[in-house]
Amino acid sequence: MRGAATEAVDTHTFPVIVVGAGPSGLSVSRELGRAGIRHVVLERGEAVGHTWAHLYDGLVLHTGKHFSALPGMRFSSSTPTFPTRRQFVEYLDRYAKTFQLPIKTASEVRTVERGGHEWRVSLGDRRAMLAPVVVIATGIVSNPYVPEFTHRDRFRGRVLHSVEYRRPQPFAGERVLVVGIGNSAGEISAELAGVGAHVTVAIRSGARVVPREILGVPVQYLGVALRHVPRSVLLRTMSIAGWIAESLRGAPPLPLPIDSPCATVPLIGFHLADAVKSGRIQLAGSVSAFTTTGMRFVDGSERSFDTVMLATGYRAALGMLGPEITRDRCGFAARRDRVVSSDRPGLYFVGHNYDVAGGLRNIAQDARIAARLIAKDLRDNGQTYTGRPPRTNGR
């Protein structure tokens, strides 16, 4: 085992270890508690929702609060339809306290390895814990994707991933290239342009722009209603929604995306499109290579920039599993029944299903599925798992 010789096994063992105390981990913990399954949730940060707490200040959920709530607790009536990042982080904290979830903070998981009939979870402080069942609930945002770029080391400006971005004011007056066309790229670009940054967005394929709401109803709710229809019907419906918006606002200035085998989320809202139309944001094609002063694009043109912001997305945070699992073509763990590992017994994943219904809604659904299947797994293997877990908030 990797590093096993220097580790001490934690005497507090549990039938189930949940890795991560973001929305996925908290949802699973609540459902395991309802089933009477003793468990512990390991969180790398000093508080729940560590990753969400460190995203950019202006972030607003593009999924409605009715389909963004975790199992068992709605958002308050005073919360707007689209909660802010701060409101969502406060909701996560309140959720953990309301259900007295057994969270162990400052517990960074380094490796998760199968040995015999148990999983060995090794922590950053050289301790290790054993459990027959592990749930990986680390999501994707803790693992930002940074592509390889030619001659990046030659660039004399600043390069950062969008996960490092907090607020637009430090970039006022700068020439900023944003690489990517997802929702984060659109929102951050519009924020930067709003404070006077000279923003260019590099688009490799394109984006399908849809309104955030139609007649006051979040477009996500339409997506939920259509999630089980054939993909061709879904795309046609999205095109109709786009056509309605186009008839009211004019043609969007962004090219349509190339069809992808992986689930993609449309660009929700018109903040980026409006800024491009007004001339406050410029568009460029796919990037080719860095230069000393900026970027060369595939069409051969070059432009100078002070900062390059990589809004290139995220990948499933699975590094702690090493070679224990295989990944599907979209980078998620290979699994069946939405949450069960196809490779190893006693291994589950929550937070790996993304589609038009919204990631948070899928998390709530998958947490319930995982808890039910884990209870059956433990029973079938003769494991004793009942009893209320002790409260372990903190170290």
Side-chain angles (χ1 to χ4, degrees), residues 9-44 47-49 69-75 91-105 107 109 112 114-121 123 127-139 333 335-341 344-353 360-395:
V9 176
D10 196 319
T11 56
H12 298 290
T13 57
F14 295 86
V16 181
I17 294 174
V18 179
V19 183
S24 299
L26 298 183
S27 298
V28 172
S29 180
R30 190 263 181 177
E31 293 302 299
L32 291 173
R34 286 189 71 209
I37 299 174
R38 292 193 306 111
H39 65 283
V40 66
V41 182
L42 303 178
E43 166 57 45
R44 66 189 175 112
V48 301
L70 306 187
M73 194 173 90
R74 299 177 180 176
F75 284 91
Y91 169 83
L92 295 179
D93 181 65
R94 188 166 64 253
Y95 189 90
K97 291 175 179 176
T98 297
F99 295 112
Q100 298 184 318
L101 303 181
I103 301 162
K104 207 173 186 66
T105 56
S107 299
V109 173
V112 178
R114 186 74 178 180
H117 299 292
E118 292 182 306
W119 287 96
R120 183 185 185 94
V121 178
L123 306 181
R127 287 179 301 123
M129 302 176 69
L130 302 177
V133 173
V134 168
V135 181
I136 303 298
T138 45
R335 57 202 189 283
R336 57 181 173 80
D337 299 328
R338 293 180 63 89
V339 299
V340 184
S341 171
R344 295 287 189 170
L347 184 61
Y348 295 80
F349 300 91
V350 174
H352 278 223
N353 290 307
L360 291 170
R361 189 175 189 275
N362 283 329
I363 284 170
Q365 175 186 351
D366 292 346
R368 297 184 180 101
I369 295 172
R372 184 178 70 250
L373 294 177
I374 288 170
K376 181 179 184 303
D377 186 356
L378 293 171
R379 284 196 306 269
D380 290 348
N381 288 282
Q383 299 285 341
T384 301
Y385 64 85
T386 56
R388 182 169 181 77
R391 295 184 65 183
T392 57
N393 274 12
R395 290 183 181 272

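The first residue in the sequence is number 1, and the count goes up from there. Values reported hereafter were calculated over all heavy atoms of this structure, with side chains retained and with hydrogens, waters and symmetry mates removed.
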*Please check if atom CZ in R74 has more than 12 non-hydrogen atoms from other residues, nucleotides or ligands closer than 6.0 Å.*
no
_Exercise: identify the closest heavy-atom pair between A367 and V28_ = CB-N, 3.7 Å
*asked:* If I compare all heavy atoms of V350 with all of A370, which pair ends up nearest, and what's the gap?
replied: CG2-CB, 3.9 Å
*Taking the side chain from Y91 and the backbone from L70, do they hold a donor-acceptor pair closer than 3.5 Å?*
yes
_salt bridge (Lys or Arg N to Asp or Glu O under 4.0 Å) partners for D337, two or more places apart_ = none
*Output the distance between atom CG (N381) and atom NZ (K376), rounded to the nearest 0.5 Å.*
9.5 Å
*Between atom CG of L92 and atom CE of M73, what is the distance when rounded to the nearest 0.5 Å?*
8.5 Å
*Take V41 and L101, measure what side chain to side chain contact (heavy atoms under 4.5 Å, CB included) needs, and give me the verdict at the end.*
CA-CA 8 Å; V41 182; L101 303 181; 5.6 Å; no
*asked:* Main chain of G25, side chain of S27: is a donor-acceptor contact present, judged purely on distance under 3.5 Å?
replied: no
*Step by step, would you call I103 with L26 a side chain to side chain contact (heavy atoms under 4.5 Å, CB included)?*
CA-CA 9 Å; I103 301 162; L26 298 183; 3.7 Å; yes
_Atom of S24, atom of G351 and distance for their closest heavy-atom approach_ = OG-CA, 3.5 Å
*Is the shortest heavy-atom distance from the side chain of V340 to the side chain of R335 under 4.5 Å?*
no
*What distance separates R368 CZ from L373 CG, expressed to the nearest 0.5 Å?*
14.0 Å
Could you list the donor-acceptor pairs under 3.5 angstrom formed by side chains in residues 29-37, with sequence neighbours left out?
from, atom 1, to, atom 2, distance (Å)
S29, OG, H39, NE2, 2.7

*Any chance you could measure Y348, atom OH, to I369, atom CD1, to the nearest 0.5 Å?*
12.0 Å
*Check whether any side-chain N or O of R338 sits under 3.5 Å from a backbone N or O of Q365 as a donor-acceptor pair, and report yes or no.*
no
*Does any N or O in the side chain of N362 come within less than 3.5 Å of the main-chain N or O of N353, such that one atom is a donor and the other an acceptor?*
yes
*Where do H352 and A333 come nearest, in terms of heavy atoms and distance?*
ND1-N, 3.6 Å
*Can you see which heavy atom on P132 is nearest to which on F14, and at what distance?*
CD-O, 3.8 Å
*asked:* Are S107 and R127 packed together at the side-chain level, in the sense that at least one heavy-atom pair is separated by less than 4.5 angstrom?
replied: yes
_Flag, side chain of E43 to backbone of A21, donor-acceptor distance under 3.5 Å_ = yes
*Interatomic distance, I17 atom CD1 to I136 atom CD1 [nearest 0.5 angstrom]*: 9.5 Å
*Step by step, work out the side chain to side chain contact (heavy atoms under 4.5 Å, CB included) result for V18 and V40.*
CA-CA 6 Å; V18 179; V40 66; over 6 Å; no
*Which is it for L378 and V16 under the side chain to side chain contact (heavy atoms under 4.5 Å, CB included) test, yes or no, and what are the steps along the way?*
CA-CA 9 Å; L378 293 171; V16 181; 4.1 Å; yes
*Looking only at heavy atoms, which two atoms of G346 and W119 are closest? And how far apart?*
O-NE1, 3.2 Å
